[in-house]
Amino acid sequence: MAHFITFLLVLSLSLTFSLLPETASAQLRQNYYAKTCPNVESIVRNAVTKKFRQTFVTVPATIRLFFHDCFVQGCDASVIIQSTGSNKAEKDHPDNLSLAGDGFDTVIKAKQAVDAVPSCRNKVSCADILAMATRDVIALSGGPSYAVELGRLDGLRSTAASVNGKLPHPDFNLNQLNSMFAAHGLTQSDMIALSAAHTVGFSHCSKFSNRIYNFSRQSAVDPTLNRAYATQLQQMCPKNVDPRIAINMDPNTPRAFDNVYYKNLQQGKGLFTSDQVLFTDKRSKPVVDAWAANSNTFNSAFIAAITKLGRVGVKTGRNGNIRRNCDAFN
């Protein structure tokens, strides 16, 4: 009887696990291409470095592309797909229209460099190239370097509709941020660490104009915003500003990937509500204070968080393939 109960328990557990979504992150590993394309990381790094020397925008554009890719359908390069007459792709959703072209170009150039090596041709996915390029731009701008897990396949679908409600907005509070990140297995600490990518970001004025002109009935300017910084923002973003104007998200070290992002929050210089809330909410403030004080602790937390992000919704087996061109399905 005891054996029968054990059998039933094992059967019910196996059924439960078979109903769970496929977790492909177990397939990821460092040196995934050791046999098929052993020099892939240096090939990608060289292509990314060349692009970086042409424009610094390569850095924030590539990081943001990776984040927007992973949060919609997982890290499968579906955000790079071009729309066609019959399909409006992810990149044409309103939340993705501000993704800078230099991020897409970085991946496409790196893919061309990889495929120029005969033994590597059509062996390396665009999803993996984006993950490697993200690591490379972080290191090139002074951030921590880390080993990237590889083995993702490229996704077979990309629709604008799938982006709805999947990306954080600049006006999010801590609960909204936490629940969106938790949906991908990311903790509050992971979220705070990944938010620091804004240390090299830039933003169009429209994304935060409510904080400097019409915050509430009581106060035109968001009271959590540093007064001098608010005045500076009003000068850079007058009310009728050209919508193409973009400003640095880190007013102090905009071209360095560093923990100054957290020091800015301590001074009321977070550009978005979703940045400043990390300091004003007492639940997240201790982490901001700790990482503002210690860049090594921050770097370790960031590496852990971006590694976890890179495992989200990975495609393997029949759920993906290796695209010949990153912006079109095979």
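Positions are given from 1 along the sequence. Just so you know, these numbers come straight off a predicted model, no measurement behind them.
- In this structure, the ring of Phe257 has its center less than 6.0 angstrom from the ring center of Phe302.
- Seen from the ring of Phe272, Lys207 does not count as a face-on cation partner, given the 6.0 Å and 45° thresholds.
- Here the side chains of Asp222 and Phe208 are not in contact, with every heavy-atom distance at 4.5 Å or above.
- The backbone N or O of Asn296 sits less than 3.5 Å from a side-chain atom of Ser300, completing a donor-acceptor pair.
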With side chain to side chain contact (heavy atoms under 4.5 Å, CB included) as the criterion, how do Ile247 and Phe202 come out once you've worked through the C-alpha distance, each side chain's angles and the decisive distance to 0.1 Å?
CA-CA 5 Å; Ile247 70 152; Phe202 57 89; over 6 Å; no
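- You'll find the side chain of Val163 stays beyond 4.5 Å of the side chain of Gln73, heavy atoms only.
- Side-chain polar atoms of Asn96 and Glu90 form no donor-acceptor pair below 3.5 angstrom.
- Within the 4.5 Å cutoff, side-chain heavy atoms of Ser78 are placed close to those of Asp69.
- Between Asp154 and Lys315, no side-chain nitrogen of the basic residue sits less than 4.0 Å from a carboxylate oxygen of the acidic one, so the salt-bridge criterion is not met.
- A donor-acceptor contact under 3.5 angstrom links the side chains of Thr199 and Asp250, judged on distance only.
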Please assess Arg255 against Ser141 for the test side chain to side chain contact (heavy atoms under 4.5 Å, CB included), listing each intermediate value before the final yes or no.
CA-CA 7 Å; Arg255 290 186 166 220; Ser141 53; over 6 Å; no
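- Hydrophobic clustering (side-chain heavy atoms under 4.5 Å, transitive across Ile, Leu, Val, Met, Phe, Trp, Tyr) groups Val200 together with Val137.
- A continuous path of hydrophobic side-chain contacts links Ile129 to Tyr146 [ILVMFWY only; heavy atoms under 4.5 Å].
- Of the N and O atoms on the side chains of Thr159 and Ser162, at least one donor lies less than 3.5 Å from an acceptor on the other residue.
- Phe181 and Phe71 have their aromatic ring centers within a separation under 6.0 angstrom.
- Applying salt bridge (charged side-chain N to carboxylate O under 4.0 Å, His left out) to Glu149 and the options Arg29, Arg311, Lys308 leaves one that passes, Arg311.
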Begin from the C-alpha positions of Leu65 and Thr62 and carry the test side chain to side chain contact (heavy atoms under 4.5 Å, CB included) through to its verdict.
CA-CA 5 Å; Leu65 191 65; Thr62 304; 5.6 Å; no
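- Paired with Asn264 under the rule side chain to side chain donor-acceptor pair (under 3.5 Å), one option of Asn252, Asp275, Asn259 passes, and it is Asn252.
- Under a cut-off of 6.0 angstrom, the local environment of CZ in Arg324 is sparse, with at most 12 non-hydrogen atoms contributed by other residues, nucleotides or ligands.
- A salt bridge does not link Asp281 to Lys285: none of the charged nitrogens lies less than 4.0 Å from a carboxylate oxygen.
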Working note: His93 + Asn164, criterion side-chain hydrogen bond (donor to acceptor under 3.5 Å, both in side chains); need CA distance, chi angles, decisive distance, verdict.
CA-CA 8 Å; His93 184 278; Asn164 291 336; 2.7 Å; yes
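- Within the 4.5 Å cutoff, the side chain of Leu177 has no heavy atoms near those of the Ile192 side chain.
- The pair Asp136-Arg45 meets the salt-bridge criterion, with a side-chain N (NZ, NE, NH1 or NH2) lying under 4.0 Å from an Asp/Glu carboxylate O.
- For Asn226 and Gln267, the side-chain atoms include no donor-acceptor pair closer than 3.5 Å.
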Could you give me the CA-CA distance, side-chain angles and deciding distance for Thr253 and Tyr261, then say whether side chain to side chain contact (heavy atoms under 4.5 Å, CB included) is met?
CA-CA 9 Å; Thr253 57; Tyr261 170 79; over 6 Å; no
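- With respect to Asp76 and Arg152, no salt bridge is recorded, no charged nitrogen being found less than 4.0 Å from a carboxylate O.
- By the rule that hydrophobic residues join a cluster once side-chain heavy atoms approach within less than 4.5 Å of another member, Phe104 and Val48 end up as members of one cluster.
- A donor-acceptor contact closer than 3.5 angstrom links the side chains of Asp190 and Thr187.
- Criterion: ILVMFWY side-chain heavy atoms under 4.5 Å apart, direct or through other members. Under it, Ile303 and Val59 are part of a common hydrophobic cluster.
- A salt bridge is defined here as a Lys NZ or Arg NE, NH1 or NH2 lying under 4.0 Å from an Asp or Glu carboxylate O, and Lys88 with Asp92 fails to meet this definition.
- A 4.5 Å side-chain heavy-atom check between Asn321 and Leu153 finds every atom pair outside the cut-off.
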Quick one: do Asp171 and Asn210 satisfy side-chain hydrogen bond (donor to acceptor under 3.5 Å, both in side chains)? Show the steps, please.
CA-CA 9 Å; Asp171 59 354; Asn210 66 307; over 6 Å; no
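- No chain of hydrophobic side-chain contacts below 4.5 Å, direct or via other Ile, Leu, Val, Met, Phe, Trp or Tyr residues, connects Val57 to Leu140.
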